[in-house]
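Naming convention: chains lettered A, B, ... in sequence-line order (proteins, then strands); numbering from 1 in each chain.
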There are 2 protein chains.
Amino acid sequence: MADVAEKAGVSRALVSIIFRNQAGASRETRERVLRVADEIGYRPDSAARLLARGRSRTLGVMFTVHQTFHTDLITGIYPEAERLGYDVLLSGATHGRSEAKAVEALLSHRCEAVILLGPDAEPAYLDALGQRTVAVSVSRRVPQARVDFVHSAEAKGVRQAMDHLVELGHRRIVHIDGGRGPGSAERRRAYRAAMRRHGLEGEARVIPGHHTEESGIETGRLLLAEHDSGRPLPTAVLAGNDRCAMGLLMSLTRSGVEVPRDLSVVGYDDSHLSHLMPIGLTTVRQDAALMAEHAVRFAVERLENGELEPREAVLDPKLVVRGTSGPVPAP
Amino acid sequence: MADVAEKAGVSRALVSIIFRNQAGASRETRERVLRVADEIGYRPDSAARLLARGRSRTLGVMFTVHQTFHTDLITGIYPEAERLGYDVLLSGATHGRSEAKAVEALLSHRCEAVILLGPDAEPAYLDALGQRTVAVSVSRRVPQARVDFVHSAEAKGVRQAMDHLVELGHRRIVHIDGGRGPGSAERRRAYRAAMRRHGLEGEARVIPGHHTEESGIETGRLLLAEHDSGRPLPTAVLAGNDRCAMGLLMSLTRSGVEVPRDLSVVGYDDSHLSHLMPIGLTTVRQDAALMAEHAVRFAVERLENGELEPREAVLDPKLVVRGTSGPVPAP
DNA sequence: TACTCGAACTAGAGCGCGCTAGTAGAGCGC
DNA sequence: GCGCTCTACTAGCGCGCTCTAGTTCGAGTA
């Protein structure tokens, strides 16, 4: 920076002004300084910048690497953050790298707020995090924690899916749940409620699972094994999310079960792969872009307005009927 | 930090020593200082830390958000970086956010090196980047640029795939290429070479495309339209990558073409979804973990050894035969 | 002419650390 | 007593920037 200033014949302060796009420099000086900077290859060092001004204007995003829906969310986070003048840093949780670790990386890189995509952490951890910094949880609801919260109205989504299936004549509808996954408690509850409402509590069955393809595959195997030993297949399955649904489809189709002729499958998320599958997946669409927008806005507003109470945004999901759901098979 | 020092009755320097886990503090002082720090809630500020010591020990990773293979690579990058004592920061390129922008974000957050997953940028840009910082390109080869390079031996992979198809009796084998995508020039060349080697140059056909599901879908439509106007379908398609293959499968299957009965499809990457599809995708496997390991190692070695010449790691890919390839249909 | 005022620019402190060069004091042999 | 070494600790500069409180200067105004 000093080099640029010297070579352009101005003070460092003016260079700083110019690089911050602030008023106080003439057009020609501005151009000259930028030109010189470009020649020298100068770029402001953000570590020093962060240090000097109190704020980093950086949002951290914690996500799960293989969760395809998260990539949809991320796609929506960038533009909104940019619009509000914030930088975004990503940190992924993987098998070998815990969410806490991913969050620490963000925090120690001076993110002012963290957006957690479908966090799987303990409520206590989230609450502590919320005390320490501004945190927004997307998809996972933790009412007792000091974090903002964006999700879709799980119950509405599930209800639509269930009504759709029942309308098609299904009665033996099984739900693969998402374990501790975000939203799964609500979805499970809504499934049970729907079965009850349709007078099918006798048929209700929740198979424990989680939000991965593997879980779907396993459940497929389980159902087929049960079928082999005489128990009838369900006629429809409401999966915990799209990934689980895909796993299930794979496992079933490979064993000759035809979807939706023999069995209907409904997912949840409408992650961007869902409509690309060989037969598009019937699923409950969550608007990723809108969710991302809300999450960013919550974070920024809390950063700039100081002590707001934790807030909650509930978006309406919408059933998207594609190729994996059809009329109940004739007995 | 000053607060901690004062409250513990020591100098700031000693606090610094203790937090860097360096020798030069007695056991009891160490414990006392850490206890005090914990009470106050002090955590070292990494911006200041970065600024003060020259180095950040942080690697930046640029990836394309929806490229599923990249998430496989990222999963491999984290542990290797951690092993070598480096932090990792992610920055995604999306439709609205160029690679250059993503890279800038990393650089201005003081990443010492950038690992580019399948970059789509101009060679000139990559070269400039390589001059400016340590850069490693994964999948895309740019010989004239000053960057390290990790990829798999595309030609070998394609050859295996082609031999497999020819062995199954296929002759009308079409290749959907990846446009400017990483590795696609090599794959295209290898496809042509294989067709020639098998005496099929007359049948060779490269359909322009790119590494997305959309491209596969479009090509599917194109082939079907051609079929309707009398041109026979190819009996096999070698897609530019797995995503393209998936799009193609969707588009064809929806229109009643049965895979692999009517047509075989082979992908490239073995991204972790490939084996999860309803019928597992026959594809050329690139070892993501190994590629990630090499990329991290290249970056770190170059950072620590100063001026090494750009290096290249070429890993052997391997054909994985699954459900989308089969014998050529009877005429 | 004497002034006010705003635009363009600058000096220099300070952000929170790491690091180098140093000191104080205890223990040791001679 | 002396010098020596070793451990435990400290003073204070500098990393590259931002920001406050200025200064300078030319144009406009009474």
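Listed by first and then second residue, the ring pair (Phe, Tyr, Trp, His ring centres under 6.0 Å) pairs that reach into residues 105-129 of chain B come to none, sequence neighbours excluded. Counting only residues at least two apart or in different chains, ring pair (Phe, Tyr, Trp, His ring centres under 6.0 Å) contacts with residues 27-79 of chain A comprise A:Phe19-A:Tyr42, A:His66-B:His272.
Scanning for salt bridge (charged side-chain N to carboxylate O under 4.0 Å, His left out) contacts around A:Arg311 gives A:Glu301, with sequence neighbours left out. Considering only residues two or more places apart in sequence or on other chains, B:Asp269 meets the side chain to side chain donor-acceptor pair (under 3.5 Å) condition with B:Gln286. Legend: residues meeting salt bridge (charged side-chain N to carboxylate O under 4.0 Å, His left out) with A:Asp120, ordered by chain and number and at least two apart, are A:Arg180. In terms of the salt bridge (charged side-chain N to carboxylate O under 4.0 Å, His left out) criterion, residue partners of A:Asp45 (sequence neighbours excluded) are, by chain and number, B:Arg110. Remark: A:Arg83 engages A:Glu80 in a side chain to side chain donor-acceptor pair (under 3.5 Å) (not counting sequence neighbours). With sequence neighbours left out, A:Glu39 forms a side chain to side chain donor-acceptor pair (under 3.5 Å) with A:Lys7. Evaluation of the side chain to side chain donor-acceptor pair (under 3.5 Å) rule for A:Arg30 yields no partner, not counting sequence neighbours.
A salt bridge is absent between B:Arg32 and B:Glu28: the closest approach of a Lys/Arg side-chain nitrogen to an acidic carboxylate oxygen does not fall below 4.0 angstrom.
Taken over five-pair windows at either terminus, the axes of the helix from C:dT1-D:dA30 to C:dC30-D:dG1 are inclined to one another by 50° (rounded to 10 degrees).
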Protein-proximity profile, nucleotides 7-14 of chain C, B/S/- by nucleotide at the 4.0 Å heavy-atom cutoff, equals -SBBB-BB

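For DNA chain D, the span of nucleotides reached by chain B at under 4.0 Å from its heavy atoms goes, 5' to 3', from D:dA8 to D:dG16.
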